[in-house]
There are 4 protein chains.
Amino acid sequence: MRADARRNRERLLAAAEEVFAELGTEASTEEVARRAGVGIGTVFRHFPTKEQLLEAVLVARVAELADRAEQLTAAADPGRAFFALLDAVVAQARSRQTLSEALAAAGVDATAAAAPAKARLRAAAEQLLRAAQQAGAVRPDVGGDELMALMVGIARTAEQTAHDPELQARVSRLLVDGLRPAQRGSGSAPASPR
Amino acid sequence: MRADARRNRERLLAAAEEVFAELGTEASTEEVARRAGVGIGTVFRHFPTKEQLLEAVLVARVAELADRAEQLTAAADPGRAFFALLDAVVAQARSRQTLSEALAAAGVDATAAAAPAKARLRAAAEQLLRAAQQAGAVRPDVGGDELMALMVGIARTAEQTAHDPELQARVSRLLVDGLRPAQRGSGSAPASPR
Amino acid sequence: MRADARRNRERLLAAAEEVFAELGTEASTEEVARRAGVGIGTVFRHFPTKEQLLEAVLVARVAELADRAEQLTAAADPGRAFFALLDAVVAQARSRQTLSEALAAAGVDATAAAAPAKARLRAAAEQLLRAAQQAGAVRPDVGGDELMALMVGIARTAEQTAHDPELQARVSRLLVDGLRPAQRGSGSAPASPR
Amino acid sequence: MRADARRNRERLLAAAEEVFAELGTEASTEEVARRAGVGIGTVFRHFPTKEQLLEAVLVARVAELADRAEQLTAAADPGRAFFALLDAVVAQARSRQTLSEALAAAGVDATAAAAPAKARLRAAAEQLLRAAQQAGAVRPDVGGDELMALMVGIARTAEQTAHDPELQARVSRLLVDGLRPAQRGSGSAPASPR
DNA sequence: TATGAATGAGGCTTCATTCAT
DNA sequence: GATGAATGAAGCCTCATTCAT
């Protein structure tokens, strides 16, 4: 019985992530139930409130990012590792506001439920940041607060340009380049067309 | 009676801007009416649809920015002028997503109503951009598309940090610095990968 | 000034008849104003209530029919005259429920305003009926009440078949034939197709 | 729980029939809910649109009549059977336009939902008609189209006189008599002109 | 007197949440 | 535990009517 419940919970989370990404956070709870193949009652048994369901999705997203950040912590090249984290942010920003809302929640409005994931992400991200700064790959005048806010900004912008991957890549690079110390090469950037 | 109607229209627009900034775009039309001190019928007389009301607010915001951009066009220092536009974007990002949505609308989803304001903003912004690039104040590998997308990103990020002006300023500087050419400081940063 | 007012009243009545016939009695008062080329305020100055406007239209319709009935009163052949009235009913049933509602109002729900027109119609119709009965053109076992109810029925049915004039004619004849004494010829009726 | 739902559906249908008959088809959905003793949400769960609710009522009415017509198909006396169907039409015409609208829908505007019931009614009614015509009880120059239109006319007229059963009976007889062949009584009536 | 802007009650519909089965 | 029917608050919008100009 526990197994069933857990599987339902996971199916619900997956469905919710999909639905909210596709239709926005205003998508109905019924739609999530439908997509998960369960009754509406089951949704509310697992997540007594739509807000809690949303929260769970956001936490899962932040947790994925935190996982990635922690992995990168062990990487050889600190500069590469740090920017890889930012790449992960862009990569996650597939559609709609799900991720940016998740990060926003993690950054500012953090609810109790999001706190642990947020803390992990922040800790790992700061570690990556400091290492990259010591390696001279990132401007020294940047702190954890800026980094978190910037991640939200990157996510939001990436979502904004999700429809045009090329544009997304160019814009993301611009945003990220603000973090580099001077003398960064602009050579590999293609000339802006048009 | 034209006078009354116009005054009401303006009161409505102001109230709507306030309400949507404060409560998000899902705020109810009735709340706007209440805040404007008019009956709900009056809202719908001026804006037959909630969508049209929202649109009007967004258009007004974009138009303000377009005005500012056009002003700056006449400024002496192209670099300063360009970055002043980005400052204006940050300054307008009061709270919630109102502005970023406005810019997003201007950039991508532009409805017919927003088209003229969008076009003005884009034209003036591109003019500022080219001038700043010729003056060597901005990286040459940036085009209009990136600029518009970046403005959305800046707005979104600025909204995110609206609660903390200091942080907002620091983050905005980071974002904006990505646009500057490489002469900033010194360092051994690797060329922007990929 | 009186002339203006009267002309407006007439324009309004004509517009109302048109609008209600076209869109049904649920058409908005604004639509009537628009079609009449006057402001909404003017409608309500002339007809303080939508109901009163509707009533005026209905009264006008009944009055037309009463006029026709009174004309026919002077005709030579009583049988022809009587059935000509019923033809007039069919002919008026152009579209929507306007006429049948008018007649219904005249027959049953008659408001005070409709009373005079109703009385005229009923008086003339009964006169035609009696004359036709004396001439042997109509069954003797029919009275004024039946006649009025029948006229409503004919109108309603005619409206129902307004889209197909041939069908309308055939069905109307069936209904009307119920009033004739026996031995009526069915020779001139085309065989029902299909 | 299926049982509950079905019971509610039936209660709703009954309430809707009652309400629309009493107050006309413009009666509010909330009134139906109130009369059925359920919440407004329940109405919309069963009938996602007011139009669909209305449609369901009309279909039920037409279906009743179709049932009756099919029963009569097995009767011994074809003439009696046919006129019994018309009696059923009169009997169903309780008040307001509900039935006539139902028949009208069945005759002309038939929506997809009403199609099957309409087809059944029409098939059985035509069978009754043909049998009655072969038995010499009904004029031969009448077809299915006229019959359907006439049924609407009978219903409309009957509704009109619902307040006075005696009058209703007399008028209905008149209407129905139009269908009988010429052997009714005696008289010197002119052949139906035109 | 004509105009049309303002009003707000009321209608349809959606959706988070509860609860009987 | 799961289901899905029931609930009703709340949202958008329409329209008859009033009233300032």
Side-chain angles (χ1 to χ4, degrees), chain A residues 1-5 8-9 26-34 36-54, chain B residues 1-9 12 26-33 36-53, chain C residues 1-2 4-5 8 26-34 36-54, chain D residues 1-9 12 26-33 36-53:
Chain A
M1 274 289 136
R2 254 300 146 43
D4 272 42
N8 268 345
R9 206 194 128 90
E26 295 166 59
S28 80
T29 313
E30 295 250 11
E31 177 63 30
V32 173
R34 208 172 306 133
V38 304
I40 181 67
T42 303
V43 182
F44 279 85
R45 164 165 288 274
H46 285 280
F47 305 93
T49 272
K50 185 186 181 180
E51 207 179 345
Q52 285 175 55
L53 171 58
L54 216 43
Chain B
M1 195 123 239
R2 256 302 144 44
D4 275 41
R6 194 163 10 190
R7 204 178 53 222
N8 266 341
R9 204 192 131 91
L12 273 169
E26 296 164 55
S28 82
T29 313
E30 313 246 357
E31 178 61 29
V32 174
V38 304
I40 182 67
T42 302
V43 184
F44 281 89
R45 163 169 281 271
H46 286 280
F47 306 95
T49 275
K50 187 188 177 177
E51 205 179 345
Q52 285 177 55
L53 172 57
Chain C
M1 276 288 136
R2 257 299 145 44
D4 272 41
N8 266 346
E26 296 166 57
S28 81
T29 312
E30 294 250 9
E31 177 63 30
V32 173
R34 208 173 304 132
V38 305
I40 181 69
T42 303
V43 182
F44 278 86
R45 164 166 290 274
H46 285 281
F47 306 94
T49 272
K50 185 187 180 178
E51 208 179 345
Q52 285 175 54
L53 171 58
L54 216 44
Chain D
M1 194 126 238
R2 256 301 145 45
D4 275 41
R6 194 164 13 192
R7 206 179 52 222
N8 266 340
R9 206 194 129 91
L12 273 170
E26 297 164 54
S28 83
T29 311
E30 311 244 358
E31 177 63 28
V32 174
V38 304
I40 182 64
T42 302
V43 182
F44 280 88
R45 162 169 280 270
H46 286 280
F47 305 96
T49 275
K50 186 189 178 178
E51 205 178 347
Q52 284 176 56
L53 173 57

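Here the structure is a predicted model, which means the values were calculated and not measured. Chain letters run A, B, ... following the sequence lines, proteins first, then strands; residues in each count from 1.
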Length of the line joining [X]:[atom1] and [N]:[atom2], which is rounded to integer Å:
X	N	atom1	atom2	value
C/R34	F/dC15	CZ	P	10 Å
B/F47	F/dC13	CZ	C1'	16 Å
C/Q52	F/dA16	CD	P	14 Å
B/D4	E/dA5	CG	C1'	8 Å
D/R45	E/dT18	CZ	C1'	13 Å
B/E30	F/dA10	CD	C1'	9 Å
D/R6	E/dT21	CZ	C1'	14 Å
C/F44	E/dA5	CZ	P	16 Å

Could you work out which one of F/dG8, E/dA2, E/dG4 sits closest to the side chain of D/I40?
F/dG8

Choosing from F/dA5, E/dT7, F/dC12, which nucleotide comes nearest the side chain of B/K50?
F/dC12

Verify the contact: side-chain N or O of [X] to OP1 or OP2 of [N], cut-off strictly under 4.0 Å; return yes or no.
X	N	value
A/H46	F/dG1	no
A/T29	E/dC15	no
A/N8	F/dA2	yes
D/T42	F/dA5	no

In terms of heavy-atom contacts, A/F44 and A/T29 come closest through CE1-CG2, 3.6 Å

Give a yes or no on whether the backbone of A/E31 and the side-chain of A/S28 come within a donor-acceptor separation of less than 3.5 Å.
yes

Mate of F/dA5 across any strand shown (Watson-Crick or G-U wobble, both atom pairs under 3.5 Å) is E/dT18

Value rounded to 0.5 Å, distance of CG in C/L54 from CD in C/E26
10.5 Å

